[in-house]
Amino acid sequence: PATPSVTPSALPSLIPSISGEPSLVPRETKEIVIYTINSETIKKEAVTALVYVESELTPELIMEQVIAAMEDDHFYIEIDSITTEGKNIIVSFCAESTPVCNVGAGVEGVILDAIGQSLLDNLPDYSGIIYRVEGGAYNSGHVEIGIDEVFISR
């Protein structure tokens with residue numbers, strides 16, 4: 001079977017030519033592996049995402065790719081903020097979006113695991129993922145995580 005993939009939203013990009021008119025100039029991309037949830041099996045699965053070669057891999061860029069992949073399976077995630085603190089990445093979700101609401105405990109767990117593994121696999125300088133809801137402790141009704149509790153680590 002074909003490996004699913006996620007592509008940057010502006011491939012190829014518009015770059016002004018000498019005449020001042022935009023022209024299509026292809027940009028070189030590289031593949032990274034991220035994780036999403038398969039809506040049929042409700043299991044985590046690896047997918048290939050394409051990012052521009054010159055792009056620095058940041059928590060924000062990885063999350064953009066993961067969110068796009070999850071949207072392909074009809075899971076819509078809204079991020080309140082992404083910050084770093086020491087060796088931890090802190091992902092704060094909006095209270096009214098997936099995975100905080102609109103999904104069961106099993107789906108929620110797979111989504112949180114997929115996000116954490118996507119970040120840790122692509123960002124070797126970090127070793128832990130902390131989840132929050134709008135800056136406070138993560139509490140979805142299924143999962144409760146302390147405000148500074150590491151959910152997944154390597």
Original post:
Hey, does Thr29 have a side-chain heavy atom less than 4.5 Å from the side chain of Val51?
Top reply: no
Subject >> Side-chain heavy-atom pair Thr48, Ile32 within 4.5 angstrom cut-off >> reply: no
**OP:** List the atom of Ile152, the atom of Gly116, and the distance in Å for their closest heavy-atom pair.
**Re:** CG2-CA, 3.9 Å
Subject >> Val133 with Ile145, same ILVMFWY side-chain cluster at under 4.5 Å >> reply: yes
**OP:** Taking ring pair (Phe, Tyr, Trp, His ring centres under 6.0 Å) as the test, write out the residues that go with Tyr35, two or more places apart.
**Re:** none
Original post:
Glu96 versus Glu78: any side-chain heavy-atom pair under 4.5 Å?
Top reply: no
**OP:** Hey, could you give me the CD1/CD distance between Ile34 and Glu45, rounded to the nearest 0.5 Å?
**Re:** 10.5 Å
Original post:
Rounded to the nearest 0.5 Å, what separation is found between the OH atom of Tyr76 and the CD atom of Glu71?
Top reply: 6.5 Å
Subject >> Heavy-atom side-chain contact between Ile130 and Tyr138 under 4.5 Å >> reply: no
Original post:
Any donor and acceptor pair, going by atom type alone, linking the side chain of Arg154 with main-chain N or O of Leu120 inside 3.5 Å?
Top reply: yes
Subject >> 4.5 Å side-chain heavy-atom contact, Pro99 and Leu112 >> reply: yes
Original post:
Short question: side chain of Glu149, backbone of Gly146 - any donor-acceptor pair under 3.5 Å?
Top reply: yes
Original post:
Does Asn38 reach the main-chain N or O of Glu40 with its side chain, forming a donor-acceptor pair under 3.5 Å?
Top reply: yes
Subject >> Nearest heavy atoms of Val150 and Asn88, plus distance in Å >> reply: CG2-OD1, 3.9 Å
**OP:** Would you mind listing every ring pair (Phe, Tyr, Trp, His ring centres under 6.0 Å) that reaches into residues 104-137, with sequence neighbours excluded?
**Re:** Phe93-Tyr131, Tyr131-Phe151
Original post:
Which is it for Glu54 and Glu28 under the side-chain contact (heavy atoms from CB on, under 4.5 Å) test, yes or no, and what are the steps along the way?
Top reply: CA-CA 8 Å; Glu54 69 271 12; Glu28 191 176 351; 5.7 Å; no
Subject >> Student check: side-chain heavy atoms of Leu57 and Ile62 closer than 4.5 Å >> reply: yes
**OP:** Answer with yes or no whether the side chains of Glu108 and Ser140 bring together a donor and an acceptor at under 3.5 Å.
**Re:** yes
Original post:
Shared ILVMFWY cluster between Ile77 and Leu61, side chains joined below 4.5 angstrom?
Top reply: yes
**OP:** Hey, could you give me the CD/CD1 distance between Glu60 and Ile89, rounded to the nearest 0.5 Å?
**Re:** 9.0 Å
Original post:
Distance-only, no hydrogens or angles: does the Asn139 side chain make a donor-acceptor pair with backbone N or O of Gly141 under 3.5 Å?
Top reply: yes
Original post:
Atom CG in Asn122, atom OG1 in Thr58: separation rounded to 0.5 Å?
Top reply: 10.5 Å
Subject >> Sidechain-backbone polar pair: Ser118 side chain, Ala114 backbone, donor-acceptor under 3.5 Å >> reply: yes
**OP:** Check Thr41, Val103, Ile37 against Val110 for a side chain to side chain contact (heavy atoms under 4.5 Å, CB included) and give me the one that passes.
**Re:** Ile37
Original post:
Are any of the side-chain heavy atoms of Lys44 and Thr36 separated by less than 4.5 Å?
Top reply: no
Original post:
About how many Å separate CE of Met63 and CD1 of Ile82, when rounded to the nearest 0.5 Å?
Top reply: 5.0 Å
Original post:
Hey, does Leu50 have a side-chain heavy atom less than 4.5 Å from the side chain of Lys30?
Top reply: no
**OP:** Kindly write out the residues that satisfy side-chain contact (heavy atoms from CB on, under 4.5 Å) with Ser92, not counting sequence neighbours, or none if the list is empty.
**Re:** Asp80, Ser81, Arg132
**OP:** For Asn102 and Thr98, indicate whether the former's side chain and the latter's backbone hold a donor-acceptor pair under 3.5 Å.
**Re:** no
